[in-house]
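Single-structure report; data block below.
None of these values were measured; they are calculated from a predicted model. One is the number of the first residue; the rest follow in order along the sequence.
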Amino acid sequence: MAELEGLEFGKSDFVLLDEVTMEQFMENLKLRFDKGRIYTYIGEVVVSVNPYRQMDIYGKETIEAYRGRELYENPPHLFAVSDAAYKAMKRRAKDTCIVISGESGAGKTEASKYIMQYIAAITNPSQRAEVESVKNVLLKSNCVLEAFGNAKTNRNDNSSRFGKYMDINFNFNGDPTGGHINNYLLEKSRVVQQQDGERNFHSFYQLLRGGSDEMLKSFNIQNDPAAYVYTKEGAAIAVSTSNNDRSSHKAVMNALEVIGFSKEEINSIYQILASILHLGNVQFESDGESVQIRGLDAVNLISDLTGTDKEIVSKSLLYRTVATGGGEVIEKGHTEHEACFGRDAFAKALYERLFGWIVGRINAVIEVKDYNPVLHGKNTVIGVLDIYGFEIFDNNSFEQFCINYCNEKLQQLFIELILQQEQAEYQREGITWQHINYFNNQIIVDLVEQSHKGIISILDEACLTVGKVTDTVCLDSMDTKLAQHPHYTSRKVSMVHKRPLRLHLSYSVEGFLDKNKDPLFQDFKRLMYNSANPVLKEMWPDGQLSITEVTKRPLTAATLFKNSIVALVDKLACKEPYYVRCIKPNEVKSPVLFDEARCRHQVAYLGLLENVMVRRAGFAYRQHYTRFLQRYKMTCEYTWPNHLMESDKEAVEIIITQHGFQDDVAYGQTKLFVRTPRTLFTLEQERTALIPILVLFLQKVWRGALARMRCRRMRAIYAIMCCYKRYKVKAHFWEVERRFANVRTMADYGRSVEWPTPPAALSQFHNNTVMLHRRWWARQIVKNIPPSDMLEVRAKVAALTALGGERKDWGISRAWERDYLANTSTSFIRVSKELRNKDEYSQVLFSGFCRKVNRFNKSTDRGFLVTDKYVYKLEPKKQYKVLKRLPLDSFTGLSVTSGVDQMVALHTASQDDVLLCVQRGELCPNQDRVGELVGSLVDHFTRSVPKLKHRVVFVPYLSYYSNRISFPVFVNYMTPEGPDG
């Protein structure tokens, strides 16, 4: 906890100082620096002192300690303000920004990297691949932009020589979905000239010292920076380990691949760097009348690397194409000075266009495309501004003027948001407030940017003036127009020895006009546009215009920069800002030295003391009553779910009173003001604890509603189903009635009528109805049969049932006589009467001739008689003498074949089966009598023994013949119902 830090570390928040004086402020700042506490709060503003050493306070454990925590819960840290900005963005769906300011070398670039690292670590817990890809590109872009936009200066080994503002887009889940990078005022003059003790951009040294031998050979360059004019100044300068060129080059190559640059694009990037190095080695010589290039080796190499024609390259360096008023095009030769100036301008423009193309290429990868807020929710943004700080050198030129103007503009935004607007809001809301005086630097900003009167307007006017206008003439114009301004002074002395322009600090106006014009001959633009390299062609779209088409004068460098800074400030003003104020403790990059005078100066111009005063007297949080009530009404029983008070203000007062925070708040006209973050944190904690309960309640209500909806739907479904079923049943009945309405008058009594397909509910009823109809149909047929024929009909029906269609022809189409022996012999009639009297049988079931086969395969012609009591074997040759008599109930079944033969096997319980072949009639040799025998027996047993049932089983049957022929048979068993069937 921040408040639990020991007193030996000083006050973790400057608001807690006993007295708000510069002396106590500096004493506390120095004490914390000496104790290794580089971060201190001013409310929600973080003051960061560059430690000039590696500190183990940025690892995973530290990230987890600050994740989701409030500012005062942990010691001051960059991660705390990063988490606060992230929570504000996610909880309230507000766009936020983190503004990192301070002078060069104060640690702004490192701070922005740690902020990006923290945001990347706490987002995307589900590890979605597309979100991880966006995070990797955002992180890797820092490495690339540092290589091409940073350089070693006298004050900083990794100084940003451009301004960077990055917007990170988040979806409704709080995961990054993309971003956009804006770059401001790249210090391109560094490409051709550096101050003593400084280096060119890192990218040149990384290429020369870290590029592979194959790459260097393909570009015709050496791995020695001293061999090139543009890099020799910094060739011998030692750099810190963090900027080791060889390892940095590998990291940049890897980052370019991760971002999505193709191999061809990466190769083109380093080709352009090599071209700039060769361009710096181009030398000119004059014979008094014309200028020539001294040696064409460098020109040839530039031509090869840029994919352009060698002669046109030489011509562009030596001549300038000019269009006269009449449309005539002439070539004007350069003086030696103009040729050198044009060469350097070309080199600077090449690098500037390359840097801008790299930024644009990164934006093309990370920008959010096809975002639909209806489908994906609101797209919120966190902006991170890392821009150059105040620069005060021995020789301050046009670049320092623009950089310091930018810082004045950002300081003005800080004053407006933190000091001016806050005090104005207290007065507007009727909050008791003691006004705090502060220096408003708007007068400085107006001095620079005011239309027609500002320094930039005077510079632009001088650049547009026809004729030879020097820097001295421009200075005279400033003296005339700005002499009465209280913050402007100048001394008219020699520009070589003195620094005439003063604006809080001294600037040398030498080169101001040339740098403001930023001239680049159109010949170079057309040269690059016509390059065979598609990357170079893409960088120079303005080169497609011919010399006669180029009429409009471009905006000056200062105006372009002013416009971009104004747009940046407008963009920051519409976001909720969080500040990191960086302080540089000393000029020698020592981790132990604290230069109090240097730090005091930075504290003064950053307005930190005034910030402490306003914060100490003010309120940490303010919110409209409606929004406050909407967020925290569930924490009070009198306001949830809706209050009955006359106004939202009264409802908010009820919430505050119930929690006991009356002494920590103030009530404005439209807003509630909360003094300390602890009050807000307590409300947030209680709200967080209640959210799951409310969610469960809403889930319960919603699930009940869904269940009732499903119940009503199911009831409706079942009602529809019942109605439909009733309709289908009725429709089936109607259809059956329609089809069978006239069956009584039909010849076949409706047998040919097709039954309609019944619904599933009537399947059993349908089967029963069909059965009833068949019985009715049978009854109609049977009642027309004479009683004398009924015995034959029953036998045929029994045979049909027993044979089941397995036997093709079984005599159904002929009349069955049954007692065939009675029609052939009077002797049989006599014997039959005797047997009837003797055995008292009442009916002859079947009689006929047969051929009996015994167990020895011997066959004999016999007669057989089947009555309702006995089966008789007769000898026809001996007056039908009874050879054997077997009781009919001793037979358990019979077997016949499925063929046309007349073979019959009668089975007995003693397994003494009788095998015989029924003889056909003499008049009808094809007559089948097996069916008649089967039908007679089945009909008799069915009627005489009602409980007897038969079943048909198909089994292989082995004959008694010696050759053991097997053939398929079916067996009709007639057995009483019982366990054995």
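- Crowding of Arg774 atom CZ: a count of heavy atoms from other residues, nucleotides or ligands under 6.0 Å not exceeding 12.
- Judged by distance alone, the side chains of Gln685 and Arg687 never bring a donor and an acceptor atom under 3.5 Å apart.
- Ring planes of Tyr872 and Tyr841: tilted class, angle from 30 to 60°.
- Between the side chain of Glu875 and the backbone N or O of Lys877, at least one donor-acceptor pair lies under 3.5 Å.
- Considering only heavy atoms from C-beta on, Val866 stays 4.5 Å or farther from Val844 through its side chain.
- A donor-acceptor pair under 3.5 Å is absent between the side-chain atoms of Asp912 and the main chain of Thr908, judged by distance alone.
- Rounding to the nearest 0.5 Å places CG of Asp789 at 11.0 Å from CZ of Arg794.
- Counting heavy atoms from C-beta on, the side chains of Val914 and Leu886 come closer than 4.5 Å.
- The two residues Thr757 and His732 come nearest to each other via the heavy atoms O-ND1, 3.9 Å.
- Residue Gln630 places its CD atom among 12 or fewer non-hydrogen atoms of other residues, nucleotides or ligands, all under 6.0 Å distant.
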Checklist entry - Do Leu865 and Leu835 pass the side chain to side chain contact (heavy atoms under 4.5 Å, CB included) test, and can you show the C-alpha distance, the side-chain angles, and the key distance before you say yes or no? => result CA-CA 10 Å; Leu865 171 63; Leu835 292 175; 4.2 Å; yes
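- Without hydrogens or angle criteria, Asn837 side chain to Lys833 main chain gives a donor-acceptor distance under 3.5 Å.
- With no hydrogens or angles considered, a side-chain donor-acceptor pair links Ser827 and Gln879 at under 3.5 Å.
- Atom CZ of Arg885 sits in a crowded spot, with more than 12 heavy atoms from other residues, nucleotides or ligands closer than 6.0 Å.
- Here the side chain of Gln902 pairs a donor or acceptor atom with the backbone of Arg929 at under 3.5 angstrom.
- A distance of 16.0 Å separates NZ of Lys873 from OH of Tyr880, quoted to the nearest 0.5 Å.
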Next on the checklist: I'd like to know whether Leu874 forms a side chain to side chain contact (heavy atoms under 4.5 Å, CB included) with Leu883, so could you lay out the CA-CA distance, the side-chain angles of the two residues, the decisive distance to 0.1 Å, and finally the verdict.
Outcome noted: CA-CA 5 Å; Leu874 308 175; Leu883 300 179; over 6 Å; no
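- Counting only distance, with no hydrogens or angles, the side chain of Arg69 and the backbone of Asp83 share no donor-acceptor pair below 3.5 Å.
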Checklist entry - Between Phe740 and His773, is a ring pair (Phe, Tyr, Trp, His ring centres under 6.0 Å) present by the stated rule, with each step listed? => result CA-CA 10 Å; Phe740 290 87; His773 174 259; 5.2 Å; yes
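- For the residue pair Ser847 and Asp819, a side-chain donor N or O sits within less than 3.5 Å of a side-chain acceptor on the partner.
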Checklist entry - Can you list the steps and then say if Leu690 with Ile693 is a side chain to side chain contact (heavy atoms under 4.5 Å, CB included)? => result CA-CA 5 Å; Leu690 288 172; Ile693 300 173; 4.3 Å; yes
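- Taking the charged nitrogens against the carboxylate oxygens, Glu64 and Arg67 do have a contact shorter than 4.0 Å, which makes a salt bridge.
- Under the 30°/60° scheme for interplanar angles, the aromatic rings of His766 and Trp755 are found to stand perpendicular.
- Taking a cutoff of 4.0 Å between a charged side-chain nitrogen and a carboxylate oxygen, Glu840 and Arg836 do not qualify as a salt bridge.
- The number of heavy atoms from other shown groups lying within 6.0 Å of CD (Gln699) is above 12.
- One distance of note links CD1 of Ile119 with CG of Asp175; it measures 12.5 Å at 0.5 Å rounding.
- Using cut-offs of 30° and 60° for the angle between ring planes, the Tyr86 and Phe170 rings count as perpendicular.
- A cation-pi contact links Arg361 to Phe261, judged by a cut-off of 6.0 Å to the six-membered ring centre and 45° from its axis.
- Counting non-hydrogen atoms of other residues, nucleotides and ligands closer than 6.0 Å to NZ of Lys87 gives a total above 12.
- You'll find the side chain of Trp702 stays beyond 4.5 Å of the side chain of Leu698, heavy atoms only.
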Checklist entry - Given Asp839 and Lys869, is the salt bridge (Lys or Arg N to Asp or Glu O under 4.0 Å) satisfied, shown in steps? => result CA-CA 8 Å; Asp839 295 332; Lys869 289 187 176 181; over 6 Å; no
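- Taking the side chain as every heavy atom from C-beta outward, Arg818 and Leu845 approach each other to under 4.5 Å.
- The two residues Leu694 and Met634 have their closest heavy-atom pair at CD1-CB, 3.6 Å.
- Between atom CZ of residue Phe828 and atom CG of residue Leu821 there is a gap of 4.5 Å, rounded to the nearest 0.5 Å.
- Here the side chains of Asn124 and Lys135 are in contact, with some heavy-atom distance below 4.5 Å.
- Remark: the Glu367 side chain and the Asn169 side chain contain no N/O donor-acceptor pair separated by less than 3.5 Å.
- The minimum heavy-atom distance between Thr892 and Ala909, with the atom names listed, is CG2-N, 3.7 Å.
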Next on the checklist: Before you tell me yes or no, could you show the steps for Lys730 and Tyr727 under side chain to side chain contact (heavy atoms under 4.5 Å, CB included), namely the whole-Å CA-CA distance, both residues' side-chain angles and the distance that decides it to 0.1 Å?
Outcome noted: CA-CA 5 Å; Lys730 291 179 181 179; Tyr727 164 75; 5.8 Å; no
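- Between atom CZ of residue Phe849 and atom SG of residue Cys917 there is a gap of 14.0 Å, rounded to the nearest 0.5 Å.
- Pairing each heavy atom of Glu806 with each of Ser898, the nearest pair is O-CB, 3.5 Å.
- Residues Gln927 and Tyr820 have side chains that never bring a donor and an acceptor to within less than 3.5 angstrom of each other.
- For Arg807 (side chain) and Val930 (main-chain N/O), no donor-acceptor pair under 3.5 Å exists by modelled atom type.
- Thr867 and Leu888 get closest at one heavy-atom pair: O-CD2, 3.3 Å.
- Taking all atoms of both residues into account, the shortest heavy-atom contact from Leu915 to Ala905 is CD1-CB, 4.0 Å.
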Item to check | Check against salt bridge (Lys or Arg N to Asp or Glu O under 4.0 Å), Glu257 and Lys263 | outcome: CA-CA 8 Å; Glu257 292 179 2; Lys263 292 183 178 180; over 6 Å; no
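- Within the 3.5 Å criterion, the main-chain N or O of Asp748 finds a donor-acceptor partner in the side chain of Trp777.
- Counting heavy-atom neighbours within 6.0 Å of Arg751 CZ, excluding the residue itself, gives a total of 12 or less.
- Here the side chain of Thr801 pairs a donor or acceptor atom with the backbone of Val797 at under 3.5 angstrom.
- Counting heavy atoms from C-beta outward, Lys852 and Lys858 have side chains that stay 4.5 Å or more apart.
- Of the possible donor and acceptor atoms, none in the side chain of Asn363 sits under 3.5 Å from a partner among the backbone N and O of His180.
- Side-chain contact check for Val871 versus Phe891: some heavy-atom pair is nearer than 4.5 Å.
- With a 4.5 Å cut-off on side-chain heavy atoms, Thr380 and Lys94 do not count as touching.
- Proximity of a side-chain donor or acceptor of Thr942 to a complementary backbone N or O of Val938 within less than 3.5 Å is detected.
- Taking CH2 from Trp734 and CZ from Arg738, the interatomic distance works out to 13.5 Å, rounded to the nearest 0.5 Å.
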